[in-house]
Trainee: 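Handing you this structure, nothing more for now.
In what follows, chains carry the letters A, B, and so on, assigned in the order in which the sequence lines appear, proteins first and then strands, with residues in each chain numbered from 1. On a predicted model such as this, the values are computed, not experimentally measured, just so you know.
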Amino acid sequence: MDKLTYEFYSRSSVTAIARELLGKVLVTNLDGMLTSGRIVETEAYNGVVDKASHAWNNRRTNRTEIMYKEAGHAYIYLCYGIHYLFNIVTSKTETPHAVLIRAIEPLTGVEYMIKRKKSSGGGKHLGAGPGNVAKSLGLTTRHTGFSLLEDVIYIADDGFSLKKSQIKTGPRIGVDYAGDDALLPYRFFIKDNPWVSGKK
DNA sequence: CTGACGATTCACT
DNA sequence: GTGAATCGTCAGC
C-alpha cells in the first residue's frame with residue numbers, strides 16, 4: 001500500500017482532498033494494536049473563511065495552532081467532553097484547512113476495535129460517526145501533532161477506486177451555528193455504503 | 001478565575 | 001424523539 005504523501009495533503013483545495021480521501025485506508029499502530037479502516041465519509045473545513053471551522057476569521061489559539069502548521073499532521077480534539085474527533089491538516093503552512101474523518105469501514109484489527117469500545121461492542125457503532133472512528137482506532141488528543149507521513153498514524157492507497165457516480169456530497173452535520181456556511185456541500189460520502197453515518 | 005458550550009453518542013421513553 | 005453524559009477550550013471579567 002502506498003502511503004499518501006506531503007504533496008497530496010499540501011494542495012490548496014481542501015474539498016478536492018476530502019473527496020479523494022474516500023476509499024483510502026486509515027491505519028493506526030498504537031499500543032501494539034494494528035487497526036485500519038476504509039474511509040467512507042469526510043468533511044472539509046475551509047480555514048479562515050469558513051464559519052464552521054475552528055480557525056474561522058483567522059482565530060489562533062493553543063488548540064487551533066496545529067491547523068496553521070504544515071500539511072499532513074493529525075488534529076484531534078475533544079468534543080462535548082466525551083468524544084474525540086480526528087482531523088487531517090491540509091494546505092500550506094499558515095493556511096488552516098482541515099478534513100474531518102466522519103466514518104470508516106473496519107478492515108483489520110476489528111477485535112481490537114471492539115475491545116476499545118468496551119461496552120456495546122460491534123455493529124455499525126465501530127466505524128459510523130466521527131466519535132466512533134477515533135474511539136475504534138484508539139486516537140485521543142495525545143495524538144494531535146503526529147505526522148501522517150510516519151508509521152504510527154497514516155493513510156494509504158491500496159488501489160481501491162471509486163466511480164464518480166459513487167461519490168455523493170451534502171451539507172455538513174452538526175454545524176448549524178455556522179449560518180450560511182452550514183449549507184455548503186462540504187460533506188463527502190460513498191453512495192449506499194452501510195457505514196456512512198446518517199444522522200439529521 | 002468563572003461560566004457557557006460544543007465538528008456527538010447512546011440509552012431510554 | 002428526547003435528554004444526559006462530561007471536560008477542555010475560550011471569552012470575559
Trainee: Looking at the side chain of A:Leu85, which of B:dT8, C:dC10, B:dC10 is the nearest nucleotide?
Mentor: B:dT8
Trainee: Considering only side-chain heavy atoms of A:Cys79, which listed nucleotide, B:dG6, C:dA5, C:dC7, is closest?
Mentor: B:dG6
Trainee: Taking the side chain from A:Asp181 and the backbone from A:Ala52, do they hold a donor-acceptor pair closer than 3.5 Å?
Mentor: no
Trainee: State whether A:Arg102 places a side-chain N or O below 4.0 Å from either non-bridging phosphate oxygen (OP1 or OP2) of B:dT8.
Mentor: yes
Trainee: In whole Å, I'd like the distance from the NZ atom of A:Lys135 to the C1' atom of C:dT6.
Mentor: 13 Å
Trainee: Taking NE2 from A:His54 and C1' from B:dA7, how many angstroms apart are they, rounded to a whole number?
Mentor: 6 Å
Trainee: Who is the Watson-Crick or G-U wobble partner of C:dG8, with both distances under 3.5 Å?
Mentor: B:dC5
Trainee: Round to a whole Å and report the spacing from OH of A:Tyr84 to P of C:dT6.
Mentor: 13 Å
Trainee: Taking only side-chain nitrogens and oxygens of A:Asn62, does any of them come within less than 4.0 Å of OP1 or OP2 of C:dG8?
Mentor: no
Trainee: Which of these nucleotides, C:dA11, B:dT8, B:dA7, is closest to any side-chain atom of A:Met67?
Mentor: B:dA7
Trainee: Might you confirm whether atom NZ of A:Lys168 has over 12 heavy atoms from other residues, nucleotides or ligands at distances under 6.0 Å?
Mentor: no
Trainee: So, do A:Tyr45 and B:dA7 meet the stacking rule of ring centres under 5.5 Å and planes under 30°?
Mentor: yes
Trainee: Check whether A:Thr144 reaches the backbone of A:Ile76 with its side chain - one donor and one acceptor, N or O, closer than 3.5 Å.
Mentor: yes
Trainee: Scan A:Asn132, A:Leu126, A:Ile104 and name whichever one has a side chain to side chain contact (heavy atoms under 4.5 Å, CB included) with A:Trp195.
Mentor: A:Leu126
Trainee: Roughly how many Å is it from CD in A:Glu41 to C1' in B:dT8, rounded to a whole number?
Mentor: 13 Å
Trainee: How many Å lie between CZ on A:Arg172 and C1' on B:dA7, as a whole number?
Mentor: 9 Å
Trainee: With nearest nucleotide decided by heavy atoms, which residue, A:Thr141 or A:Tyr80, maps closer to the 5′ end of DNA chain C?
Mentor: A:Tyr80
Trainee: Tell me which nucleotide among B:dC10, C:dC10, B:dA7 gets nearest to the side chain of A:Lys117.
Mentor: B:dC10
Trainee: Nearest to the side chain of A:Ile82, which nucleotide is it out of B:dA7, C:dC10, C:dA5?
Mentor: C:dA5
Trainee: So, does A:Thr61 get its side chain near the phosphate of C:dC10, meaning an N or O under 4.0 Å from OP1 or OP2?
Mentor: yes
Trainee: Taking only N and O in the side chain of A:Arg59, is any of them less than 4.0 Å away from OP1 or OP2 of C:dA11?
Mentor: yes
Trainee: For the ring pair (Phe, Tyr, Trp, His ring centres under 6.0 Å) test, which of A:His83, A:His143, A:His54 pairs with A:Tyr77?
Mentor: A:His54
Trainee: Honestly, is A:Arg172 close enough over A:Tyr45, meaning NZ or CZ under 6.0 Å from the six-membered ring centre and within 45° of the axis?
Mentor: yes
Trainee: Distance check needed: B:dT9 P versus A:Phe86 CZ, whole Å only.
Mentor: 16 Å
Trainee: OP1 or OP2 of B:dC10 versus the side-chain N and O atoms of A:His125: is any pair under 4.0 Å?
Mentor: yes
Trainee: With respect to the side chain of A:Thr64, which nucleotide from C:dG8, B:dT9, C:dC10 is positioned closest?
Mentor: C:dC10
Trainee: Using whole Å, report how far CH2 of A:Trp56 lies from P of B:dA7.
Mentor: 14 Å
Trainee: What is the distance from OH of A:Tyr77 to C1' of B:dT8, rounded to the nearest Å?
Mentor: 9 Å
